[in-house]
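The next block holds one structure in the form of structure tokens; read it before the comments.
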Protein chains: 2
Amino acid sequence: MDVPWLDRIQLAAWVRVAALLEVLPGTLDGQLRRDADVTLFEYFVLAMLSESPSRSLRMSELAAQTSATLPRLSHVVKRMESRGLVERRPDPDDRRATTCVLTDGGLARIEEAAPGHVAAVREHVVDVLTPEQLTQLTGIADALLRSLDTSGGMAAMYRRYDGAAG
Amino acid sequence: MDVPWLDRIQLAAWVRVAALLEVLPGTLDGQLRRDADVTLFEYFVLAMLSESPSRSLRMSELAAQTSATLPRLSHVVKRMESRGLVERRPDPDDRRATTCVLTDGGLARIEEAAPGHVAAVREHVVDVLTPEQLTQLTGIADALLRSLDTSGGMAAMYRRYDGAAG
DNA sequence: ACCCGGAAGTTGTCCCTACAACCATGTGTG
DNA sequence: CACACATGGTTGTAGGGACAACTTCCGGGT
């Protein structure tokens with residue numbers, strides 16, 4: 001464990017990234033909670049389901065697409081089910097599996113939440129960067145995710161959103 | 001609230017950032033918890049204190065430097081105090097204020113934790129990017145933080161770490 | 001047919017965070 | 001001096017996430 005310390009340039013980058021990690025999620029999460037009574041993570045769940053042709057996904061796949069662990073997703077989906085946003089039904093083919101289905105109420109909720117969320121993402125992320133920085137950011141995030149995602153689980157998720165640096 | 005939806009390039013960037021926000025904190029936090037029994041946030045607290053000349057900071061300033069709210073910091077510091085990592089003492093000048101002091105045990109703890117943490121930051125962030133990307137990232141994070149930090153509180157924090165894009 | 005390993009989910013528990021309410025002290029203004 | 005208001009901080013509580021244990025089920029080998 002004999003690792004060289006970070007130099008000035010590296011430290012400058014890391015400190016800013018760390019601050020970002022601390023602040024950005026809270027900002028977006030707060031907006032969604034206040035305006036649509038949904039967590040940022042719950043929003044992702046709704047989004048992934050709504051973009052599925054069948055409006056449904058298996059729990060394990062949903063977990064992969066939202067970068068979450070299965071236990072966490074299970075808890076969240078249970079709460080969402082009690083609020084009528086999704087439904088869980090056992091898969092007849094594989095009786096271990098559970099399919100998570102987006103309800104009409106859930107669809108309505110995300111359609112209601114989307115404009116405000118997009119506005120927040122624009123305000124705090126997209127619109128404060130130049131187009132050049134945006135493509136740089138895509139490349140950077142790609143590199144970081146590859147090093148984090150050893151199991152390759154979430155490759156499927158963002159591969160669908162295949163921008164300039166896909 | 002009539003906001004244009006994100007185009008392909010913007011969406012590609014945002015989806016990757018969102019995934020990063022979900023995964024990176026957990027990775028770094030997990031490493032510190034396992035190897036040093038400290039939270040990522042607690043590590044920052046120790047780091048900010050250890051870099052202060054007096055090894056102490058007022059709560060409000062410590063909160064600003066760690067991008068945290070005061071209630072959160074208060075809870076965390078209380079727990080850390082019970083573990084002997086820091087001490088709290090009232091400020092004689094302003095009797096509302098509380099000064100947080102790093103103990104010898106706290107200093108030992110962060111010195112013990114630092115190598116592993118730096119290794120993780122290198123492995124997952126610094127070393128997977130080219131030097132060019134690293135300076136790009138600094139500029140990007142700077143722009144984002146400026147838009148998030150309306151109160152200007154954390155400017156003080158990362159201004160100290162003044163790299164190429166300072 | 002049986003057994004064993006692994007995959008899919010669920011549940012329980014503990015810790016952490018956000019939010020709001022609250023207390024105490026300082027500061028400015030008439 | 002008295003008042004209102006702001007500042008610094010703590011506490012209570014409710015809710016979300018991490019981790020580990022457990023159940024059920026599939027599949028391959030013998």
Side-chain angles (χ1 to χ4, degrees), chain A residues 21-34 37-45 56-83 85-101 151 153, chain B residues 21-35 37-45 56-83 86-101 151 153:
Chain A
L21 253 36
E22 206 63 53
V23 173
L24 225 194
T27 301
L28 298 169
D29 204 79
Q31 181 273 324
L32 278 171
R33 278 171 189 267
R34 281 190 303 276
D37 194 37
V38 178
T39 298
L40 178 60
F41 179 72
E42 289 171 342
Y43 183 91
F44 287 146
V45 170
S56 67
L57 287 171
R58 284 176 50 153
M59 291 293 284
S60 50
E61 190 161 351
L62 187 52
Q65 293 195 10
T66 54
S67 309
T69 60
L70 217 30
R72 177 183 178 191
L73 182 65
S74 183
H75 279 138
V76 171
V77 164
K78 179 162 43 165
R79 290 189 289 252
M80 292 175 75
E81 187 173 28
S82 77
R83 288 189 280 155
L85 300 176
V86 299
E87 272 177 23
R88 277 187 297 185
R89 50 190 61 164
D91 185 327
D93 294 355
D94 185 341
R95 298 211 311 263
R96 295 172 300 179
T98 304
T99 306
C100 184
V101 187
S151 63
Chain B
L21 253 37
E22 207 62 54
V23 173
L24 224 195
T27 301
L28 298 170
D29 203 80
Q31 181 271 324
L32 278 171
R33 278 171 190 267
R34 280 190 303 276
D35 297 354
D37 195 36
V38 178
T39 299
L40 178 60
F41 179 71
E42 290 171 341
Y43 182 91
F44 286 146
V45 171
S56 67
L57 287 171
R58 286 175 51 151
M59 291 293 283
S60 48
E61 190 162 351
L62 188 51
Q65 294 196 10
T66 54
S67 309
T69 60
L70 217 30
R72 179 184 178 191
L73 181 64
S74 182
H75 279 136
V76 171
V77 164
K78 179 163 40 166
R79 280 175 242 145
M80 292 176 75
E81 187 172 29
S82 77
R83 288 189 281 155
V86 300
E87 273 177 23
R88 277 187 295 185
R89 52 190 60 163
D91 184 328
D93 293 354
D94 184 342
R95 298 209 313 260
R96 296 171 299 178
T98 305
T99 305
C100 185
V101 187
S151 65

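Any value given below was found using the heavy atoms of this structure, including those in side chains, with hydrogens, waters and symmetry copies removed. Chain naming here is simple, since letters A, B, ... match the order of the sequence lines and numbering starts at 1 in each.
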Next on the checklist: Looking at dG15(D), I'd like to know if its phosphate oxygens (OP1 or OP2) sit under 4.0 Å from a side-chain N or O belonging to Arg79(A).
Outcome noted: no
CD (Gln65(A)) and CG (Leu73(A)) are apart, to the nearest 0.5 Å, by 11.0 Å
Residues in residues 92-101 of chain B with a heavy atom under 4.0 Å of DNA chain C, by number, are Asp93(B), Asp94(B), Arg95(B), Arg96(B)
So does Thr69(A) get a side-chain nitrogen or oxygen closer than 4.0 Å to the phosphate oxygens (OP1/OP2) of dG17(D)?
-> no
Is any side-chain N or O of Lys78(A) closer than 4.0 Å to OP1 or OP2 of dT11(C)? yes
note: Arg58(A), atom CZ; dA8(C), atom P; distance rounded to Å ~ 6 Å
When rounded to whole Å, the CZ to C1' distance for the pair Phe41(A) and dG15(D) reads 15 Å
Contacts satisfying salt bridge (Lys or Arg N to Asp or Glu O under 4.0 Å) that involve residues 60-78 of chain B (not counting sequence neighbours) are Glu22(A)-Arg72(B)
Hits for salt bridge (charged side-chain N to carboxylate O under 4.0 Å, His left out) against Arg96(B), two or more places apart or cross-chain, chain-then-number order -> Asp94(B)
Between CD of Glu22(A) and C1' of dT17(C) the distance, given in whole Å, is 10 Å
CG of Leu24(A) to CG of Leu21(A), rounded to nearest 0.5 Å, is 8.5 Å
Sequence neighbours excluded, the answer for salt bridge (charged side-chain N to carboxylate O under 4.0 Å, His left out) partners of Arg34(A) is none
Taken to the nearest whole Å, CG/Leu32(A) to C1'/dG15(D) is 17 Å
Whole-Å distance, Met80(B) CE to dT10(D) P, equals 14 Å
Those residues at least two apart in sequence (or on a different chain) that pass side-chain contact (heavy atoms from CB on, under 4.5 Å) with Ser56(A) are Ser54(A), Thr99(A), Val101(A)
Sequence neighbours excluded, the answer for ring pair (Phe, Tyr, Trp, His ring centres under 6.0 Å) partners of Tyr43(B) is His117(B)
Phe44(B) atom CZ is separated from dC16(C) atom C1', nearest whole Å, by 16 Å
### Task
Under 4.0 Å between any heavy atoms, over every strand shown, what does Ser60(B) touch: base, sugar-phosphate, or nothing? Just pick one.
sugar-phosphate
Taken to the nearest whole Å, CG/Leu70(A) to C1'/dG17(D) is 14 Å
Asp37(A) atom CG is separated from dG15(D) atom P, nearest whole Å, by 11 Å
Output for pair (Cys100(B) SG, Arg58(B) CZ), nearest 0.5 Å, gives 13.0 Å
By salt bridge (charged side-chain N to carboxylate O under 4.0 Å, His left out), Arg88(A) pairs with (sequence neighbours left out) Glu81(A)
Taken in chain and number order and not counting sequence neighbours, the residues that satisfy side-chain hydrogen bond (donor to acceptor under 3.5 Å, both in side chains) with Arg83(A) are Glu42(A)
Stems in DNA chain D, runs of 3 or more consecutive Watson-Crick or G-U wobble pairs with both distances under 3.5 Å, sorted by first number, are C:1-30 with D:1-30
Between the protein and nucleotides 19-23 of chain C, which nitrogen or oxygen pairs come in under 3.5 angstrom?
none

In Leu57(A), Val38(A), Leu62(A), the residue satisfying side chain to side chain contact (heavy atoms under 4.5 Å, CB included) with Val45(A) is Leu62(A)
Residue set satisfying side-chain hydrogen bond (donor to acceptor under 3.5 Å, both in side chains) with Arg33(B), at least two apart, ordered chain then number -> Asp29(B)
